[in-house]
Visitor: 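Submitted below is the structure of interest, expressed as structure tokens.
Every heavy atom of this structure was used, including side-chain atoms; hydrogens, water molecules and symmetry mates were not. Below, chain A is the first sequence line, B the second, and so on; all start at residue 1. Predicted model only: the values in this text are computed from it and were never measured.
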Amino acid sequence: QKEVEQNSGPLSVPEGAIASLNCTYSDRGSQSFFWYRQYSGKSPELIMFIYSNGDKEDGRFTAQLNKASQYVSLLIRDSQPSDSATYLCAVKTPRGSTLGRLYFGRGTQLTVWP
Amino acid sequence: DGGITQSPKYLFRKEGQNVTLSCEQNLNHDAMYWYRQDPGQGLRLIYYSQIVNDFQKGDIAEGYSVSREKKESFPLTVTSAQKNPTAFYLCASSMGPSGYNEQFFGPGTRLTVL
């Protein structure tokens, strides 16, 4: 079982819609969770992180964490064509914490069409 | 301007050659990482280092070598033993395992084998 899994996508939504990106993780003791955005040909950019159960909002982005169900999601409200990118989920697991590393999912490609 | 720099942006290697990719950071981060990304794939960890003069193998270390002689620098050598080195190489850094461990990425080096 992989440490971190993301819905395979690709995901396609119309402009102005809500895009929902999901991520599940295998280690119940995982501590912090990160969402990165990666435009084609560019490096990943950190957009949000969350470590407590519940929602964390930053502008049009909301990260949601449910530790009991072991999933974390990213909602993008009022999606724009400029949001079209691959979104990577990363998790700090207990094993990773000891080793000093994060575990990354394979990413979900999002396309927002006008 | 604080950040992570990688050079060169593009690199071409002939069969049997060793090449070295540069990564420098001025964020005063303790930890540094090297990842490889293939088209349509997630990030795979090659090597990482938590402190100067110490580093650990990641998930795909074979055919690669690193050094960490200075806190700011973490060069990666792709040796001739790496049979399929064509990929996008990303360097990242973080404060270290004691914090949330969010990682920040450099712009990447695209390596092509001729």
Visitor: Parallel, tilted or perpendicular: which fits the ring planes of Phe55(B) and Tyr47(B), with parallel below 30° and perpendicular above 60°?
Guide: perpendicular
Visitor: Counting a contact as any heavy-atom pair under 4.5 Å apart, which residues of residues 10-19 of chain B contact chain A?
Guide: none
Visitor: Under the side-chain hydrogen bond (donor to acceptor under 3.5 Å, both in side chains) criterion, do Glu5(A) and Asn7(A) qualify, and how do the steps go?
Guide: CA-CA 7 Å; Glu5(A) 303 217 44; Asn7(A) 46 341; over 6 Å; no
Visitor: For a 4.5 angstrom cut-off between non-hydrogen side-chain atoms, does Leu75(A) reach Phe61(A)?
Guide: no
Visitor: For the interface with chain A, which of Gln56(B), Arg110(B), Gln41(B) has the highest count of heavy-atom pairs at distances below 4.5 Å?
Guide: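 Greatest number of close heavy-atom pairs with chain A: Gln41(B).
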Visitor: Distance only, no hydrogens: is a donor on one side chain within 3.5 Å (strictly under) of an acceptor on the other, for Gln70(A) and Arg28(A)?
Guide: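 Result is yes, a qualifying pair exists.
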Visitor: Chain A heavy atoms under 4.5 Å from Gln37(B): which part of the residue, side chain, backbone, both or neither?
Guide: side chain
Visitor: Can you tell which part of Tyr103(A) gets under 4.5 Å to a heavy atom of chain B, answering side chain, backbone, both or neither?
Guide: neither
Visitor: When you compare the side chain of Thr86(A) with that of Thr108(A), does any pair of heavy atoms fall below 4.5 Å?
Guide: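 Thr108(A) does not reach Thr86(A) side chain to side chain.
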Visitor: Considering non-hydrogen atoms only, spot the tightest contact between Leu21(A) and Ile76(A) and give its length.
Guide: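 Looking at all heavy atoms of both residues, the shortest contact is CD1-CD1, 4.2 Å.
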Visitor: Looking only at the side chains, is there a donor atom on one of Gln103(B) and Tyr35(B) sitting less than 3.5 Å from an acceptor on the other?
Guide: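 On atom types as modelled, these side chains qualify, holding a pair under 3.5 Å.
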Visitor: Does a donor on one side chain sit under 3.5 Å from an acceptor on the other, for Glu24(B) and Asn26(B)?
Guide: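 No.
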Visitor: With chain A as the partner chain, list the residues of residues 57-91 of chain B whose heavy atoms fall under 4.5 Å from it, by residue number, and write 'none' if nothing qualifies.
Guide: Asp59(B), Phe88(B), Leu90(B)
Visitor: Tell me, for Arg44(B) versus chain A, whether the close heavy atoms (under 4.5 Å) come from the side chain, the backbone, both or neither.
Guide: neither
Visitor: At a heavy-atom separation under 4.5 Å, does Gln38(A) approach chain B through its side chain, its backbone, both, or neither?
Guide: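 Side chain of Gln38(A) only, per the 4.5 Å heavy-atom cut-off to chain B.
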Visitor: Please assess Met48(A) against Leu74(A) for the test side chain to side chain contact (heavy atoms under 4.5 Å, CB included), listing each intermediate value before the final yes or no.
Guide: CA-CA 9 Å; Met48(A) 288 196 75; Leu74(A) 180 70; 4.1 Å; yes
Visitor: Does the side chain of Ser49(B) come under 3.5 Å of the side chain of Tyr33(B) through a donor N or O and an acceptor N or O?
Guide: no
Visitor: Can you check whether Trp35(A) reaches Cys23(A) side chain to side chain, under 4.5 Å on heavy atoms?
Guide: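 Result yes, sub-4.5 Å side-chain heavy-atom pair found.
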Visitor: Are Lys56(A) and Phe49(A) in a cation-pi contact, defined as NZ or CZ under 6.0 Å from the six-membered ring centre and within 45° of the axis?
Guide: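 Positive - Lys56(A) is close enough to the ring of Phe49(A) and near enough to its axis.
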